[in-house]
Each structure stands twice: as C-alpha cells, then as structure tokens.
Undergrad: 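Dropping a structure here in structure tokens format, bear with me for questions.
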2 protein chains.
Amino acid sequence: MAGVHELQRAAIVLHVLHHASEEPVHGAWMSEELARHGYSLSPGTLYPTLHRLERDGLLVSEQVVVEGRSRRVYRATPAGEAALQEGRRAVRELAGEVLPKDGRS
Amino acid sequence: MAGVHELQRAAIVLHVLHHASEEPVHGAWMSEELARHGYSLSPGTLYPTLHRLERDGLLVSEQVVVEGRSRRVYRATPAGEAALQEGRRAVRELAGEVLPKDGRS
DNA sequence: GCCACAGTATCGGAGTCCGATATCGGCTGT
DNA sequence: ACAGCCGATATCGGACTCCGATACTGTGGC
C-alpha cells in the first residue's frame with residue numbers, strides 16, 4: 001500500500017486547486033467531492049491541508065454565510081493556478097513515463 | 001511548494017516499482033535514473049524508501065557482487081507488480097480528472 | 001595491514017497524516 | 001433572549017516520513 005496512497009495525497013491537493021480555480025469551494029464540499037472520486041480523507045487531514053495551501057499563498061479564504069451556515073470558502077490565487085499548471089504538467093509527465101504507450105497524434 | 005513535490009514522492013515509488021519489475025536494480029542506479037527524469041532525492045530518502053518497500057513486501061533484495069562492488073539489488077514481487085498496476089490505474093484516473101480533456105473519458 | 005572508493009545505512013529535527021474530539025456561528029422554538 | 005441544535009471548521013497527540021550530512025561496509029590495490 002505504498003505508492004497509491006502517496007499518489008492520493010498528491011491527487012487531493014490537485015483536486016482542491018482544480019476546483020478552487022473554477023469556483024469558490026469550502027471544506028465540507030471538497031470532502032464530499034473527493035469521496036465521490038474515491039479519495040476519502042478525514043477532516044484532520046483536509047483542514048490542515050487547506051490551511052497550509054493558504055499559508056503558502058496558493059489559496060485565499062473568506063468567511064461567508066450560506067443558508068444560515070457560516071462557511072470558509074477558498075479560491076485559488078494566481079500562484080495557486082500556477083501550481084495547478086505545474087501539477088498538471090507533472091501528472092502528464094508521470095503518465096508518459098509509467099503508463100504503457102498509446103500515444104497521441 | 002505543495003502539490004508538485006508530493007507528486008514527485010509518489011512518482012519515485014512508481015518509478016522504482018516500474019524498473020524493479022523489469023530488471024534487478026540497485027540504489028545508486030535508481031538514484032541516477034531518477035535524476036535523469038528530473039526527480040532528485042537524497043540517499044537519506046531513497047534508501048529508507050527501498051527498505052520500506054521491501055518491508056511491505058513489494059520488493060525483495062539480495063546482495064550481489066559486481067566488479068568487486070557489493071550491491072543490494074531489488075526486484076519487484078508479485079505484490080509489487082500488483083501495486084504498480086494499481087499505481088498506474090491511479091495515475092490514469094488522476095490524469096483523466098485534472099488534465100484538460102483530449103481523449104475519451 | 002592500510003588506503004581508496006562505490007555503495008549503503010543511520011541520525012535527528014522538522015513537517016505531515018489521521019481519527020477523535022472540541023469549538024464556533026447562526027438558526028429555531030418557546 | 002436563552003437554550004439547544006446542527007453543519008462546518010479547528011485542534012490534539014502519537015506515529016510516520018523527509019531530508020542532507022555523515023558514518024559505515026566490503027572489496028581490490030599497494
């Protein structure tokens with residue numbers, strides 16, 4: 001259970017950036033969304049991850065109230081989008097290296 | 001420096017399994033091979049990683065002597081190959097999720 | 001025996017993962 | 001307005017990983 005798990009941790013960050021770059025997202029929603037894709041993680045992992053991403057300047061957050069619920073919504077910063085591009089590039093590269101060819105063109 | 005770095009850690013494990021499933025490999029060679037692909041990691045990370053993979057039953061090692069040099073060569077076990085397949089599947093899935101479409105889905 | 005060298009192993013501080021649990025903010029009923 | 005509720009977020013502590021630098025091991029040459 002070595003490689004896959006680590007890949008999931010990375011995938012989670014990518015997903016967060018991916019969604020946060022398209023629309024504001026909040027923790028609980030991300031949690032569901034990730035679960036929907038088969039990535040389950042506890043709040044004790046998700047929230048520190050969001051904080052870290054914000055601390056690193058990849059996300060910005062803001063408290064909003066939706067339907068009487070106070071949420072912290074996150075959106076990607078330019079640096080966050082750059083990191084996303086970088087991540088995508090890395091995924092593509094990795095795919096090209098370890099996936100059996102079935103090329104483009 | 002959040003997402004890309006974690007992806008690299010995962011990529012390294014995949015590369016190790018990938019190569020170890022094709023031919024016996026040893027630490028120093030993997031180090032070079034990974035560097036060639038742009039993944040640089042220190043011995044302090046690589047060797048514990050190999051040990052962990054072996055402890056988890058994904059690799060088996062054996063001491064051999066090559067040109068008067070004693071090396072520990074690793075090969076993938078069936079479980080290791082299974083983990084590799086699993087990892088490939090995860091990469092494919094991840095690619096399909098965060099990469100801009102241009103294939104099927 | 002002793003040195004040189006490729007290759008491998010270990011140390012210790014910093015950071016991360018995780019589930020369980022606590023906290024918060026705003027609503028609802030009375 | 002107060003108490004209580006609930007979704008959402010935050011925190012805690014133990015175990016594990018990362019990392020560079022450094023030490024160690026075994027082999028051949030002198």
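Quick note on labels: first sequence line is chain A, next is B, and so on, each numbered from 1.
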Undergrad: Between P on D:dT9 and CD on A:Glu62, what's the gap in Å once rounded to a whole number?
TA: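 Those two atoms, CD and P, are 13 Å apart.
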Undergrad: Using a cut-off of 4.0 Å on non-hydrogen atoms, how would the nucleic acid contact of B:Gly27 be classed: base, sugar-phosphate, or nothing?
TA: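 Sugar-phosphate contact only.
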Undergrad: Starting at CE of B:Met30 and ending at P of C:dG7, how long is that distance when rounded to a whole Å?
TA: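 After rounding, the reported distance stands at 14 Å.
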Undergrad: To the closest 0.5 Å, what do you measure between NE2 (B:His15) and CG (B:Leu84)?
TA: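 CG of B:Leu84 is found 11.0 Å from NE2 of B:His15.
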Undergrad: Would you kindly say whether A:Arg9 and A:His5 are connected by a side-chain donor-acceptor distance under 3.5 Å?
TA: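 A pair is found: one side chain offers a donor N or O, the other an acceptor, under 3.5 Å apart.
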Undergrad: Side chain of B:Ala28 only, please: which of D:dT11, C:dG7, C:dC17 is the nearest?
TA: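 Shortest atom-to-atom distance from the side chain points to C:dG7.
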Undergrad: Does a donor on one side chain sit under 3.5 Å from an acceptor on the other, for B:Tyr39 and A:Glu97?
TA: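 Distance-only check passes for B:Tyr39 and A:Glu97.
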Undergrad: Select one nucleotide: of C:dG19, C:dT8, D:dA10, the one nearest the side-chain heavy atoms of A:Ser42.
TA: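 Closest nucleotide to the A:Ser42 side chain: C:dG19.
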Undergrad: Using OP1 and OP2 only, check whether a side-chain N or O of A:His5 sits under 4.0 Å from D:dC16.
TA: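 Checking A:His5 against D:dC16: no side-chain N or O falls below 4.0 Å of OP1 or OP2.
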Undergrad: Rounded to the nearest Å, what distance is computed from the NE2 atom of residue B:His51 to the P atom of nucleotide C:dT8?
TA: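 Roughly 9 Å, once rounded to whole Å.
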Undergrad: Nearest whole Å is fine: how far is D:dC19 C1' from B:Leu34 CG?
TA: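 It is 15 Å, rounded to the nearest whole Å.
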Undergrad: To the nearest Å, give me how far apart CD (A:Glu54) and C1' (D:dT9) are.
TA: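 Nearest whole value for this atom pair: 13 Å.
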Undergrad: Would you mind telling me which of D:dT11, C:dC5, C:dC17 lies closest to the side-chain atoms of A:Thr49?
TA: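 For the A:Thr49 side chain, the nearest candidate turns out to be C:dC17.
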Undergrad: Would you say C:dC18 has OP1 or OP2 under 4.0 Å from some side-chain N or O of A:Arg9?
TA: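 So the side-chain polar atoms of A:Arg9 do come within 4.0 Å of the phosphate oxygens OP1 or OP2 of C:dC18, strictly under.
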Undergrad: Testing the 3.5 Å rule here: is there a donor-acceptor pair between the side chains of A:Ser61 and A:Glu54?
TA: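 Looking only at side-chain atoms, A:Glu54 and A:Ser61 do form a donor-acceptor pair, the distance falling under 3.5 Å.
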Undergrad: Think A:Arg52 has a side-chain N or O under 4.0 angstrom from the OP1 or OP2 of C:dC17?
TA: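 Indeed, a polar side-chain atom of A:Arg52 lies that close.
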Undergrad: From NE2 of B:His26 over to P of C:dA6, roughly how many Å is that when rounded to an integer?
TA: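 Answer to the nearest Å: 13 Å.
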Undergrad: Please tell me if A:Arg71 has a side-chain N or O lying less than 4.0 Å from either OP1 or OP2 of D:dA8.
TA: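 For D:dA8, OP1 or OP2 has a side-chain N or O of A:Arg71 closer than 4.0 Å.
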Undergrad: Among B:Glu33, B:Arg88, B:Glu81, find the one that has a side chain to side chain donor-acceptor pair (under 3.5 Å) with B:His18.
TA: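 Passing option: B:Arg88.
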Undergrad: B:Ser70 side chain N/O closer than 4.0 Å to the phosphate oxygens (OP1, OP2) of D:dT25?
TA: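 Result: no.
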Undergrad: In Å, rounded to the nearest 0.5 Å, how long is the span from NE2 of B:His19 to CH2 of B:Trp29?
TA: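 These two atoms lie 4.5 Å from each other.
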Undergrad: When the nearest nucleotide of DNA chain C is assigned to A:Pro48 and to A:Gly68 on a heavy-atom basis, which residue is associated with the more 5' position?
TA: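 Between the two, 5'-proximity favours A:Pro48.
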Undergrad: Using heavy atoms to find the nearest nucleotide of DNA chain D for A:Arg72 and B:Leu41 separately, return the residue whose nucleotide is more 5′.
TA: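 So the residue in question is A:Arg72.
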Undergrad: Without decimals, in angstroms, what is the distance between A:Leu50 CG and D:dA8 C1'?
TA: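 Nearest whole value for this atom pair: 12 Å.
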Undergrad: Using OP1 and OP2 only, check whether a side-chain N or O of A:Tyr47 sits under 4.0 Å from D:dA10.
TA: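 Negative; the distance criterion is not met.
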Undergrad: Whole angstroms only, please: what is the CH2-P distance between B:Trp29 and C:dT8?
TA: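 For the pair B:Trp29 CH2 and C:dT8 P, the rounded distance is 13 Å.
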Undergrad: OP1, OP2 of C:dC17 versus side-chain N and O of A:Thr45: anything below 4.0 Å?
TA: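 It does not, given that no N or O in the side chain of A:Thr45 lies less than 4.0 Å from OP1 or OP2 of C:dC17.
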